[in-house]
Amino acid sequence: MEAKDDLFTLIDTLSLEGDVEQAKSMSAYMRDQFEFLGIKTPKRRQLCREAFKNARKTAKIDWEFVELCWQKPQREYQYIACDYLVKMKKFTTLADLPKLKKLVITKSWWETVDTLVKVFTDLYLSYPSEMTPIMLTWSEDSNLWVKRVALEFQLLLKKQTDTELLAKIIINNLGSDEFFINKAIGWALRDYSKTDPKWVAGFIATYRNELSALSIREGSKYLT
């Protein structure tokens, strides 16, 4: 079976593997914003493993598959699209940014956006000079989830973190009363504090009056 057939067969496979009671529980956890099939993460990933393995051999992202998953009402389909894009992230290019941004702003919630962040991280590492101004612009976008991507895309980069860029992006979001923005600011600071606690402590001290209590609490978690 060709990799493309594998992917589209996966959509049919998931539809047969749901659990009604589990679906109710999963939907309730997500504040009943989304319909679910009722497939827990370990099982979902097991079902996808072979199809994704074959997909990587194509060295090309199948956007038709991704878009079909995004159109489906059940949330697991968006999850498999996100997992697929993470598996295929080395094949993404700057030309894919409009498609990726569309996913960020459509059927948006923290769990899909935070998974997609990994794709943006890889794009940044591949195209730093191009992605730097783009992420700076995104940090001032009207959509909170686009802003969240800008705040989180340097997570786990450790010494590769561009602190000047990180500072500018956070400063662009100071004064926000949006939980998901202030949480992301805190996460960005907390993550980088593992690499350079002195820089993070200094940043928090400088902007303490403008940072939310949530951002300070999250950002200070690993500071002594």
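Computed from a predicted structure; not experimentally measured.
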Exercise. Do Y124 and T132 pass the side-chain contact (heavy atoms from CB on, under 4.5 Å) test, and can you show the C-alpha distance, the side-chain angles, and the key distance before you say yes or no?
Worked result: CA-CA 7 Å; Y124 170 71; T132 293; 3.5 Å; yes

Exercise. Should L116 and V149 be marked as a side-chain contact (heavy atoms from CB on, under 4.5 Å) after you check the CA-CA gap, both sets of side-chain angles, and the distance that decides it?
Worked result: CA-CA 8 Å; L116 290 171; V149 169; over 6 Å; no

Exercise. Under the side-chain contact (heavy atoms from CB on, under 4.5 Å) criterion, do K99 and K102 qualify, and how do the steps go?
Worked result: CA-CA 5 Å; K99 294 187 182 76; K102 184 178 179 181; 5.7 Å; no

For this session: Decide salt bridge (charged side-chain N to carboxylate O under 4.0 Å, His left out) for D114 and K183; before the verdict, give the C-alpha distance in whole Å, the side-chain angles of both, and the deciding distance to 0.1 Å.
Result: CA-CA 12 Å; D114 288 359; K183 187 81 168 180; over 6 Å; no

Exercise. What's the verdict on side-chain contact (heavy atoms from CB on, under 4.5 Å) for T58 and F91, showing C-alpha distance, side-chain angles and the deciding distance?
Worked result: CA-CA 10 Å; T58 68; F91 305 116; over 6 Å; no

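Side-chain contact check for V200 versus Y222: every heavy-atom pair is 4.5 Å or farther apart. Residues L125 and L157 form a side-chain contact, since some pair of their non-hydrogen atoms from C-beta on lies under 4.5 Å apart. At least one side-chain heavy atom of F120 sits less than 4.5 Å from a side-chain heavy atom of V104. For the pair T195 and K159, the minimum side-chain heavy-atom distance is below 4.5 Å. Residues Q154 and Y192 have side chains not in contact (no heavy-atom distance under 4.5 Å, counting atoms from C-beta outward). Side-chain contact between R44 and D83 is present, with heavy atoms from C-beta onward closer than 4.5 Å.
Once rounded to the nearest 0.5 Å, the distance linking NZ of K198 with CG of L223 reads 13.5 Å. From K40, atom NZ reaches atom CD of Q22 across 4.5 Å, with rounding to the nearest 0.5 Å. Note that CG of L214 and CD1 of I185 are 9.0 Å apart. Values are rounded to the nearest 0.5 Å. Rounding to the nearest 0.5 Å places CZ of R45 at 15.5 Å from NZ of K43. For the atom pair F65 CZ and L7 CG, the distance stands at 5.0 Å (nearest 0.5 Å). The CD1 atom of I181 sits 5.5 Å away from the OG atom of S176 when rounded to the nearest 0.5 Å.
Proximity of a side-chain donor or acceptor of S193 to a complementary backbone N or O of R190 within less than 3.5 Å is detected. Side chain of T161 to main chain of K158: a donor-acceptor pair is present (N/O by atom type, distance under 3.5 Å, no hydrogens or angles). For the pair N173 (side chain) and I169 (backbone), a donor-acceptor distance under 3.5 Å is present. Side chain of S126 to main chain of L123: no donor-acceptor pair is present (N/O by atom type, distance under 3.5 Å, no hydrogens or angles). With hydrogens and angles ignored, the 3.5 Å screen pairs no side-chain donor or acceptor of N182 with any backbone N or O of S215. In this structure a side-chain-to-backbone donor-acceptor pair under 3.5 Å is present from T121 to F153. Between the D96 side chain and the T93 main chain, a donor and an acceptor come within less than 3.5 Å of each other. A donor-acceptor pair is defined here as one N or O able to donate and one able to accept, closer than 3.5 Å; no such pair exists between the side chain of S27 and the backbone of A23. Formation of a donor-acceptor pair under 3.5 Å by the W70 side chain with backbone atoms of T106 is found in this model.
By the neighbour-count criterion of 12 heavy atoms within 6.0 Å, atom NZ of K107 is densely surrounded, having more than that number from other residues, nucleotides or ligands. For K60, the NZ atom is loosely surrounded, since the number of other residues' heavy atoms within 6.0 Å does not exceed 12. Under a cut-off of 6.0 angstrom, the local environment of CD in E164 is sparse, with at most 12 non-hydrogen atoms contributed by other residues, nucleotides or ligands. Heavy-atom neighbours of D32 CG from other residues, nucleotides or ligands within 6.0 Å: above the threshold of 12.
What you find for L97 and M131 is that their closest heavy atoms are CD1-SD, 3.9 Å. Nearest heavy atom pair, residue L136 against residue L165, reads CD1-CD1, 4.1 Å. Considering all non-hydrogen atoms of both residues, G38 and M26 come closest at CA-SD, 3.7 Å. Closest non-hydrogen pair, S139 versus N172, comes out as OG-ND2, 2.9 Å. Heavy atoms only, all atoms of each residue included: M135 and A150 are closest at O-CB, 3.4 Å. When every heavy atom of I39 is checked against every heavy atom of G18, the shortest pair comes out as CG1-CA, 3.9 Å.
A salt bridge does not link K57 with D6: none of the charged nitrogens is closer than 4.0 Å to a carboxylate oxygen.
F34 and Y29 fall within the same hydrophobic cluster, where Ile, Leu, Val, Met, Phe, Trp and Tyr residues are linked whenever their side-chain heavy atoms come under 4.5 Å apart, directly or through other members. No continuous path of hydrophobic side-chain contacts links L155 to F179 [ILVMFWY only; heavy atoms under 4.5 Å]. No continuous path of ILVMFWY side-chain contacts below 4.5 Å connects L156 to L166, so the two sit in separate hydrophobic clusters.
Taking the six-membered ring where the residue is Trp, Y84 and F52 present tilted rings, their angle falling between 30° and 60°.
The side-chain hydrogen bond (donor to acceptor under 3.5 Å, both in side chains) analysis of residues 73-82, with sequence neighbours excluded, yields the pairs E35-Q74, R75-Q78, R75-E111, R75-T112, Y79-E111.
Qualifying ring pair (Phe, Tyr, Trp, His ring centres under 6.0 Å) partners for F36, counting only residues two or more places apart in sequence or in other chains: none.
Between W110 and W145, a ring centre-to-centre spacing not shorter than 6.0 Å is recorded. Aromatic rings of F180 and W187 (six-membered ring for Trp) have centroids beyond the 6.0 Å cut-off, not under it.
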